[in-house]
Each structure stands twice: as structure tokens, then as C-alpha cells.
K.L.:
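Got a structure here, written out as C-alpha cells. Questions coming.
Below, chains carry the letters A, B, ... as their sequence lines are ordered, and counting in each starts from 1. Values below: every heavy atom of this structure, side chains too, minus hydrogens, waters and symmetry copies.
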2 protein chains.
Amino acid sequence: MADRTGHRIVPETTRRTDRFPGTRYGNRPTMKDVAARAGVGLKTVSRVVNGEPGVTPETERRVQEAIEALGFRRNDSARVLRKGRTASIGLVLEDLADPFYGPLSRAVEEVARAHGALLINGSSAEDADREQELVLALCARRVDGLVVIPAGDDHRYLEPEIKAGVATVFVDRPAGHIDADVVVSDNFGGARDGVRHLIAHGHRRIGFIGDMPRIHTAAERLRGYRTAMEDAGIPVADAWMSLGVTDPERVRRAAREMLSGPEPVTAIFTGNNRVTVTVIRVLAEHARPVALVGFDDIELADLLQPGVTVVAQDAAALGRTAAERLFRQLDGTLIAPERIELPTRLITRGSGELPPAD
Amino acid sequence: MADRTGHRIVPETTRRTDRFPGTRYGNRPTMKDVAARAGVGLKTVSRVVNGEPGVTPETERRVQEAIEALGFRRNDSARVLRKGRTASIGLVLEDLADPFYGPLSRAVEEVARAHGALLINGSSAEDADREQELVLALCARRVDGLVVIPAGDDHRYLEPEIKAGVATVFVDRPAGHIDADVVVSDNFGGARDGVRHLIAHGHRRIGFIGDMPRIHTAAERLRGYRTAMEDAGIPVADAWMSLGVTDPERVRRAAREMLSGPEPVTAIFTGNNRVTVTVIRVLAEHARPVALVGFDDIELADLLQPGVTVVAQDAAALGRTAAERLFRQLDGTLIAPERIELPTRLITRGSGELPPAD
DNA sequence: CTGAAAGCGCTTACAG
DNA sequence: CTGAAAGCGCTTACAG
């Protein structure tokens, strides 16, 4: 796959041979080395490095000189061991490559940065075991806190960690079987409003295609769909609902089934961004126009013909809110876990306003 | 912004009050505590925790019991200090929220995971100072290696770190003023082919809108454009080229200018995904049809009218290749820095095949 | 203003 | 099979 070019050669010795002379961090100088070279005590070096007062300008100069000559950079891992806080937090999400999680992750990072902390990212790939493995690895590294988008539905394994002081906030989906902070979108209300919108435009046979029902957001959005239908007095046929993995094959089949038969649906509500994208493709090939409202906004949705009406959630706000909450836990400001729900927004662009093609 | 609901109350003491009794990691038990409780030596606990041989089943049982009773989890920060490798790598990119970097980041994460390492992510926000700050913070944490998408153009500040043993690979753009591994797409060739494609469809007045010229990829793509034009014997008017920040305002203005006047361009080549998206919007409002080829693929490009022809690069392959290279550095397998170039792919979907509207 | 000693929680090297 | 001692690179608490 790789097309290699430009093999510039450098002297081997500058490159790898002297790289790990001992077994330790290369051959990095330590404060001890700096102290020896500057002819001062260890603590004096520590003072200079940390900008603590009580060092003569002359002494400081000598130390600085030694630092530069040796290329010393403080080992924060050692510092952290002694201080008890690692100034890092962990973020476990489903898939960093999903356009929904990018902005969320970036928002968490910004808050962490404002608090002087680094962000360790991990993808669970929607696998509960992998989530747990990642979370516990982060705890072993003694991250100060954890922002988790749960893949699993039982988080009791985190109880000892939380009790031991690991700040924890769940985002996008609630934690299972433990009492913890959680920040979610109004999945139920958003879906209900989206379906109501379709009903208001004259639809009665409305399909729902969503993610696996064990995923909380999927279940909530389905509940929103059912509630909207029920409120309108429309009985829902089983054939109108399809939940399962979001891979294009499955979704495509589900959409086609709803759209065929003697009484096809005239509108579809899609349960998340990936489902929406696939259904748009199916509808593009479909003979009659079919109305569509999707959960999650997607890029270029306004440029399609028709534009795609969506129920948008604010991924960045989810991340920001969760991270801020995390650092408030670390401040010791918070008392009891809370559930914070962020509103969604219906954005009409055309596809949701199509009348039934009956 | 937050709509707060469900204030479940839990007893304060289980929550925060006993959270940091000392100053240290909560009140986590250590191996010493486990040893005391099990009535064995510290080293025996270490053996059990690490699955080393030479422990009686009975002793092991006692230790395991103590571990569970105490809720012990090994402090990997301490372990790492002693071992000299942190089993973590850093990834510095421009913006985690950009859809181009999500898949790249995920690919790096997967490779890291396969090597038992965690991934620390940081966004430079296209700011050279912030890039350096992040990179050096990661070095201070003693990450084993660094994957960097450069924002700045001078990386001599990394020289001492590399010499000290920090494995380093640059991706997407080359490093400045230092000799290091770099993995890039064929930006020049891809752009040249894209522009040739437009020329082959009869265009002569072709515009180029790209990112700031100081960004290597932008410069390379511009070079590709110029080469294609020159090869075809088409003199390029200054008014046809616009480089600058990719914010929609600037791009919109640039596109409109090229499209107005007595001799407007009949085709536009866009220098990256964000520029493409804005230009698509401009063209949608434009009277005459204008051909378009964009660098970077974008989601739903195939569903627009017309579909958007693009020069696609493989973000995941960039990340994967760079990370694999990084771990080969850490293995000690590699000798000299290399430049690896990944091919791009022209995907025709309609917009690039429109004839000139003359 | 300066520094020696002890300790953070582990692993390494060695001795019984 | 088991464990006491030393050490990783820092900071803390204390003494001069």
C-alpha cells in the first residue's frame, strides 16, 4: 500500500543505536544529573524547575545552564507519582471515527486543557468487554477522571474505582446499575417531536429504523416514536419498526421492506446519523417520494434534494458539559450525582415536510 | 443550556467527603497493604499480580483474597516509572472534530492497542505554539512515541527529545528542519490529476481555492494545479488562484469573484474538504453550471446533484502506516528516516465531468 | 538561601 | 518458594 520514496540516509549512531543505552527512558538526564553538573543540591534544581522562590539569581543561572547543556526535561510521570494527581483524564467512546464523536471529543479536550489536563482517548467499538478493559486500564494509570460513553449496560465494576476517588461522568447514555453523573440529549423528546412533525404533515404510516434496542439512545428514540404515534391515535404495525445493527446492508433491507407491500410507509424516522445516510440512499432510488426525518444532523444535509429534516443534538455541548461536571467533581464542589439532559432541535429542510404520496 | 432533571440524592459520605482523605490517589490500597493483609512479602504480591511463577497455590490464594478484599488495582504509573516505558503514545493533530482526523486518529489508536499502548490525543488548532506546547507536555509525560500532524514548520525543538529516545513520526505534512519519518498523501500528484481531469473535459479557465499557503498540503496541491495547467499549455491568471483560511466567508467570496467578471472560470478545483463544502454551496446558488473537483472525499458526495468528483485520500491508512512505523522505531527495527507517500484516488461522480458552460 | 533524608508505589537484582 | 533492600525520578517535610 505504501509507496516509498526519498530514502534519505542518516548516520546510524545519531538514530537508533544509542537510543536505549540502559533500559530506561533513553538516557535522559535527571534532576540528579543537573544537580551534579551545577554543583548544587537536588532540591535546588527542583526549585528552579518549578519556579519556586528562594534561589539566588546566580544559583539559578548555574542550574539553568546545566539544564540546557544536558537537555533536561522534567519527568512528569515521576512527579505525578509523588503528587497523587496525574493531570490526565480518560475518554472512552464508541468510535473516534464517527463524525458524532469527533466534536464531542474535541470539546472534552478543550475543557481538560483549560484545567491543565491531558486527554487519553479510547474506542470501545460498542463492545462492553472492551469498554471495561479500557476503563480499568485508565484507572490503573490513575487518571484523575473518566468520561465514559457506555457500550455496556452494567457498570458496577466501576464502583470500587469511584469509591477510591476516580471522578466519573457518563455521556450520551446513562450508566447501568450505578449511581453516577450522566449527561444525555433529550432522545425521547427529540424523537417524539420529529415523528409529530411527520404526523402534522399528514403521515400515518410512518416507519422507524434504529440502532440495536439494547443501546439506550435507540430505545429512547423508539419510545419517542411510539409515544407520538399513540398520542395521535395511530396504531403502529410491527412491520413499521426495525431495530438492529446500523450497517448499510441491514438498514437498506429494512427500509426496502417498509416501502414495499400493499400498505407501504409514506414516511420514515431514522434513529441516528448512520441510519439516515443509508436511508437517504435507498430513497434516492425509490420511485415515489417518501418523507424523512433523521435523528442527528449530518453535513451537507441542506444541499440534498430535498434537504434533510433532522432532529439535531449538540455533540460538543454534551462533551463540554460532561467534562465541566467532571472537573467540578475533582474540585470537590459537587455533592450528589445528577442527570443532565440537553435539548434537541428540529431543523426543517424539506424531506420532513413532504406530504404522503398516497 | 443544561436542562437538569432527576436530582437523585445519595448519602454524602459515600460520595465525595471521603474521597481524598490523604492527598494521594483517593485512599487506594497499595501492594504493601495487600502484603500486610495476606501476611506475605511485597515481592510475593508483585509476583501474583504479574502472574510470575514461583508462588504456592496456597500463598497465591491468600494474596488474591487480600487483593479482592481491599479492592487493590496496581498503580501502572508507578510501574511505568520503574520500567522505563510508559506504554502510551501521543497523537498531536489539528482538530479532532474535523471529519478527516477522526478516522486517522482511530487508526492510530487501533495500532497502539495492538501494541498494548494507550493513546493521548491533542489538538493543535493549527497553532504552531500550541503544537509545541502539546508535544513537549507529552514528552514530559514520557510517552514512548509521538505521531504528529505538524501545525508549525520548524521542529528543531524536537531534536533533543528524539535523540533522547522518543520515537517520532510525522503524518499528513512533513516535519520542518529535522530529519524524521513522514507519511503523507500524494498531494501534488492527486491535485495534478484532478485538474488534468477538468482539462480533459474541455476546461481552460479553472480556478483553485485552497488553504493557507504556509500549510504544506495546500502548497503541494497548488503546485499540482499549476503543473497540470502548465503541462496543458494554459497560462494561469492570478485571479484564478485563491489561498487563505478555510472559513466559509473567505471561501465564499473567493468563489464568487472567480465566477464573476467578463471571463469567469468554468471549473473550480478545491484544496480540501472544508473548502469543497463551501464551494458546493456557492455553486448551488449559481446560475450557470460550473464543474468541480475537490481534494478529500466527503460524506454524501455521491447523493448531491450532480455527485461531487473528488481526489480521495485514505485518512485511516495514513494513521495506520504512521503508527506502524512508530512501533517499528520502538522495536529498534528501523535504521533511517523515510518519507512514505500514499496514493490518492480520483472518484468521478458527475461534477468533474460537466463541460464548460461557455 | 540551600540541601539531606524519606517517601510516592512499584520492579529489579539478589540472597536465603 | 519467598522476601529485604535498593532504586525509578521526582516532591514533601524538615533542618540548617
K.L.:
Give a yes/no answer on whether the side chain of B:K83 brings an N or O atom under 4.0 Å of OP1 or OP2 in C:dT12.
P.N.:
yes

K.L.:
What do the steps show when you test B:R328 against B:E324 for salt bridge (charged side-chain N to carboxylate O under 4.0 Å, His left out), and what is the final call?
P.N.:
CA-CA 6 Å; B:R328 283 184 55 203; B:E324 276 163 1; over 6 Å; no

K.L.:
Can you figure out which of D:dT11, D:dG9, C:dT11 approaches the side chain of A:R79 most closely?
P.N.:
D:dT11

K.L.:
Mind running side-chain contact (heavy atoms from CB on, under 4.5 Å) on B:E126 and B:D95 for me, showing each step along the way?
P.N.:
CA-CA 8 Å; B:E126 205 66 87; B:D95 179 5; over 6 Å; no

K.L.:
In terms of side-chain geometry, is the basic nitrogen of A:R113 or A:E109 positioned less than 4.0 Å from the acidic oxygen of its partner?
P.N.:
no

K.L.:
Between B:L42 (CG) and C:dC8 (P), how many Å, whole number?
P.N.:
12 Å

K.L.:
Nearest-Å distance, CG (B:D76) to P (C:dG9)?
P.N.:
14 Å

K.L.:
Is it true that A:R106 and A:E110 have a side-chain N and a carboxylate O under 4.0 angstrom from each other?
P.N.:
yes

K.L.:
Can you establish whether the number of heavy atoms outside A:D153 located under 6.0 Å from its atom CG is more than 12?
P.N.:
no

K.L.:
What parts of residues 44-63 of chain A reach DNA chain D, counting only heavy atoms under 4.0 Å away?
P.N.:
A:S46, A:N50

K.L.:
Can you tell me if B:R74 touches the phosphate of C:dT11, counting only side-chain N or O atoms and a distance under 4.0 Å to OP1 or OP2?
P.N.:
yes

K.L.:
Go through it in stages, so that I can follow the logic: the residues are A:R141 and A:T86, the test is side-chain contact (heavy atoms from CB on, under 4.5 Å), and I'd like the CA-CA distance, side-chain angles, deciding distance and then a yes or no.
P.N.:
CA-CA 8 Å; A:R141 293 296 178 100; A:T86 57; over 6 Å; no

K.L.:
Quick check: are there more than 12 heavy atoms from other residues, nucleotides or ligands sitting under 6.0 Å from CG of A:D331?
P.N.:
yes

K.L.:
Quick one: B:R85 CZ to C:dT12 C1', roughly how many Å, whole number?
P.N.:
17 Å

K.L.:
Using whole Å, what does the distance between atom C1' of nucleotide D:dG9 and atom CG of B:L81 come to?
P.N.:
6 Å

K.L.:
Tell me yes or no: between the side chains of B:N121 and A:S105, is some donor less than 3.5 Å from an acceptor?
P.N.:
no

K.L.:
Report, one line per pair, each donor and acceptor closer than 3.5 Å where one atom sits in a side chain of residues 35-46 of chain A; sequence neighbours left out.
P.N.:
unit_1 : atom_1 : unit_2 : atom_2 : d
A:S46  : OG     : A:N50  : ND2    : 3.3

K.L.:
Given the rule that a pair is Watson-Crick or G-U wobble with both distances under 3.5 Å, how would you write DNA chain D in dot-bracket, using | for pairs to a different strand?
P.N.:
|||.||||||||.|||

K.L.:
With no angle test and no hydrogens, is the base of D:dG9 tied to the side chain of A:R28 by a donor-acceptor pair under 3.5 Å?
P.N.:
no

K.L.:
Would you kindly give the CE-to-P distance between B:M31 and D:dA4, to the nearest whole Å?
P.N.:
15 Å

K.L.:
For the pair made of NZ in B:K32 and C1' in D:dG3, what is the distance, rounded to whole Å?
P.N.:
15 Å

K.L.:
Atom CG of A:N75 to atom P of D:dC8: distance rounded to whole Å?
P.N.:
12 Å

K.L.:
From CZ of B:R82 over to C1' of D:dA6, roughly how many Å is that when rounded to an integer?
P.N.:
8 Å

K.L.:
Would you indicate which nucleotide in D:dG9, C:dA4, C:dT11 comes nearest to any side-chain atom of A:K43?
P.N.:
C:dA4

